[in-house]
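Here the structure is laid out as structure tokens; the discussion comes afterwards.
Order of the sequence lines fixes the chain letters, A, B, ..., with proteins taken first and strands second; residue numbering starts at 1 for each chain.
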Protein chains: 2
Amino acid sequence: MGRTANCLIAAARPRNLGPGGHGGTPEAERHGISNPKDPQTSPARERYALLCDTLRDRICLLDYPPGTRLSEEALASEFGISRTPLRRVLGWLESQGLLVSVQGVGTIVTDVELEELAQVYQLRMELADLIGKLSPLPPDAETVALMRSLRQRGQKLAAEPDTRSFARLNIEFFHALMRCSGNAPLREISERLYYQTTRIWLKSISHLDLAEEVAIFADEINDVCTAVELGDIMAAASIRRAHISMSFWRLGQNGGGPAE
Amino acid sequence: MGRTANCLIAAARPRNLGPGGHGGTPEAERHGISNPKDPQTSPARERYALLCDTLRDRICLLDYPPGTRLSEEALASEFGISRTPLRRVLGWLESQGLLVSVQGVGTIVTDVELEELAQVYQLRMELADLIGKLSPLPPDAETVALMRSLRQRGQKLAAEPDTRSFARLNIEFFHALMRCSGNAPLREISERLYYQTTRIWLKSISHLDLAEEVAIFADEINDVCTAVELGDIMAAASIRRAHISMSFWRLGQNGGGPAE
DNA sequence: TTTCCGAAAGCTGTACACAACTCGAAATGG
DNA sequence: CCATTTCGAGTTGTGTACAGCTTTCGGAAA
């Protein structure tokens, strides 16, 4: 009864390949020797999950800014598939609150107001606490190494701020933190809410001081990494919660105005 | 900025028609005078949401017991539609963790173990607390009236226990409680986790004492209703949390054995 | 010049046929 | 008689054409 047992509940989400998205097990797919016990590992599911992650990243990195009208046909031809399987992906993105499709108009990248976001931020703060309370996992060597690598990247970024690298590091840091919780439903929900908020924050970054934001984030990584090194997940969760709160506060102060 | 403002985030879920599912506004749909500002109110979306609720109820009331193989073609013909829009519904149910589709085999109603469910129950307990803490809504007259009606139905049910009526009342009571929270994302997540667990509980009811379970549930409704009448949502949430905890405990004691 | 109407273009939603895949049963060779 | 292979029924996944809806642009009338 190992890790594979709870795959049914996790089946809701596409296989997490991480933001880096290095290709996993290419040989296994080519030879068709995928593990028949794992329903997630089928050629169709692999393409589906990859597309979900790809498009989600494009939306959350503002490659598709809020309000963008996506063309199903264009995307389908870009990925070399038909509209039918693509629509399944778009449906999932819509269920994540990142898209909305209306007949006769198009598929539009959503844009949410800071007011509505307040509820999501409140919830994210509470869930951050729960990461420390509910089934915290003692970090393994790989997690610690990942955290240290992120800390180093954060320090490099502080020396040379860059919006896009900032966003990517933010996403990877989130996923690293998720490795510290053994509660799969909590991870899934946290991820959903995270992706709902991160692009709004990225959109408002122009109204904030990028260098200051990067410095604060580098500190956050450093603090969380220290806590993880000590195996104190509750402390890491508390730090995370505090930074979510402060991030929302800064958004309301500086980024919430009548933009543009 | 009333209720309609946060429809974008809520767009993830089909329009909640309640378990009773009385038809809503049939005239508006027939005449095509649906509010153009609300993206959820389109003829296609209406059918979609209705189908989602219908099939979810069938799964969660064990009309389709865990392990059942559903036929896309049969369902499509039953509802007088093609497989294409039906598959969208099935995809949503799969994202909710209630179905799993595998090529060449079929669409199968999931069955989860009590072990995996422990994480969901833990999370549900914490979220129940949050219902009282995050944006609790002072109950309006309609909510109080609904609660009182449910309390009465609970007392009637205690006098004449019936599994299916029990399940329906349980679902409706959950939705009534959700009216007390103004946090839309929290409501959505709570609903998702609730539906993931309720059918497992219903499946194990045969191993428990139905009369006793009904009596306990009637008490829960009564206590929560009293708290709601006083406007003390935090108290209602605490009561709810306690009952979720006790329900899980009873499941582990009596219903968790090597069934059948 | 302004306003209103209508046709056309473009989009998502739907239906249907076919491909890809799984599983089981029947046939075949040992 | 048993093991192995092959074929077929049945299922989900995919491609494609068309229907329904919305927006826009052009032209005619006031």
Side-chain angles (χ1 to χ4, degrees), chain A residues 11 14 28-52 55 64 67-95 99-110, chain B residues 11 14 28-52 55 64 67-95 99-110:
Chain A
E29 188 185 353
R30 285 190 56 81
H31 292 58
I33 53 174
S34 61
N35 186 352
K37 298 295 173 56
D38 188 356
Q40 289 305 102
T41 310
S42 86
R45 295 305 252 259
E46 213 68 37
R47 284 194 297 268
Y48 171 72
L50 194 58
L51 264 182
C52 284
L55 289 183
Y64 301 144
T68 304
R69 282 218 320 266
L70 301 179
S71 166
E72 293 186 353
E73 201 156 359
L75 285 176
S77 68
E78 173 187 350
F79 295 109
I81 58 177
S82 160
R83 274 183 59 210
T84 307
L86 177 71
R87 280 177 60 78
R88 185 174 178 172
V89 175
L90 296 181
W92 181 77
L93 289 168
E94 188 169 1
S95 82
L99 290 180
V100 61
S101 298
V102 349
Q103 185 174 9
V105 178
T107 303
I108 296 149
V109 178
T110 56
Chain B
E29 188 184 352
R30 286 190 56 81
H31 292 59
I33 53 174
S34 60
N35 186 352
K37 298 295 174 55
D38 187 356
Q40 289 304 104
T41 309
S42 84
R45 294 306 251 261
E46 213 69 36
R47 284 195 296 269
Y48 171 71
L50 194 59
L51 264 181
C52 284
L55 288 183
Y64 301 143
T68 303
R69 280 218 322 266
L70 301 179
S71 167
E72 292 186 352
E73 202 155 359
L75 284 177
S77 68
E78 172 187 349
F79 294 108
I81 59 177
S82 161
R83 275 182 58 209
T84 307
L86 178 71
R87 279 177 62 79
R88 186 174 178 174
V89 175
L90 296 181
W92 181 77
L93 289 168
E94 187 170 0
S95 82
L99 289 180
V100 60
S101 298
V102 347
Q103 185 174 6
V105 178
T107 304
I108 296 147
V109 178
T110 56

What is the distance, to the nearest angstrom, from the CZ atom on Arg69(A) to the P atom on dC21(D)?
19 Å
Where Val109(A) and Tyr64(A) come nearest, the two heavy atoms and their spacing
CG1-O, 3.8 Å
Separation of dT12(C) atom P from Leu90(A) atom CG, nearest Å, is 8 Å
When you measure from the side-chain N and O atoms of Arg87(B) to the phosphate of dG13(D), is any distance below 4.0 Å, counting only OP1 and OP2?
yes
Which atom of Arg83(A) lies closest to which atom of Ala76(A), heavy atoms considered:
N-CB, 4.0 Å
Tell me: CD of Glu46(A) to C1' of dG13(D), nearest whole Å?
15 Å
Rounded interatomic separation in angstrom, taking CD1 from Ile108(A) and P from dT23(D):
9 Å
From the list dT12(D), dG20(D), dT14(C), which nucleotide is the closest neighbour of the side chain of Ala44(B)?
dT14(C)
Just to confirm, is there a sub-4.0 Å distance from OP1 or OP2 of dT11(D) to any side-chain nitrogen or oxygen of Thr107(B)?
no
For dT12(C), does OP1 or OP2 lie under 4.0 Å from any side-chain N or O of Arg83(A)?
no
Spacing of Thr84(B) atom OG1 and Arg87(A) atom CZ [to the nearest 0.5 Å]:
9.0 Å
Between CZ of Arg45(A) and OG of Ser101(B), what distance do you get to the nearest 0.5 Å?
6.5 Å
I need the residues from residues 70-81 of chain A with at least one non-hydrogen atom less than 4.0 Å from DNA chain C; give them sorted by number, or say none.
Leu70(A), Glu72(A)
Closest non-hydrogen contact found for Ile108(A) with Arg69(A) is CG1-CG, 3.7 Å
Atom CZ of Arg88(B) to atom P of dA15(C): distance rounded to whole Å?
13 Å
Of dT14(D), dC16(C), dT12(C), the nucleotide closest to the side chain of Gln103(A) is dT12(C)
Using atom CG of Leu86(B) as one end and atom P of dA15(C) as the other, report the distance to the nearest whole Å.
10 Å
Could you please name the option among dT12(C), dT16(D), dG13(D) that lies closest to any side-chain atom of Ser101(A)?
dT12(C)
Would you say Ser82(B) places a side-chain N or O within less than 4.0 Å of OP1 or OP2 belonging to dC16(C)?
no
Measuring from atom CG of Leu90(B) to atom CG of Leu55(B), what distance do you get when rounded to the nearest 0.5 angstrom?
6.5 Å
From the candidates dT16(D), dG13(C), dA15(C), the one with an atom nearest any side-chain atom of Arg45(B) is dG13(C)
State, to 0.1 Å, how close Glu72(B) and Thr107(B) come at their nearest heavy-atom pair, and which atoms those are.
OE2-OG1, 4.0 Å
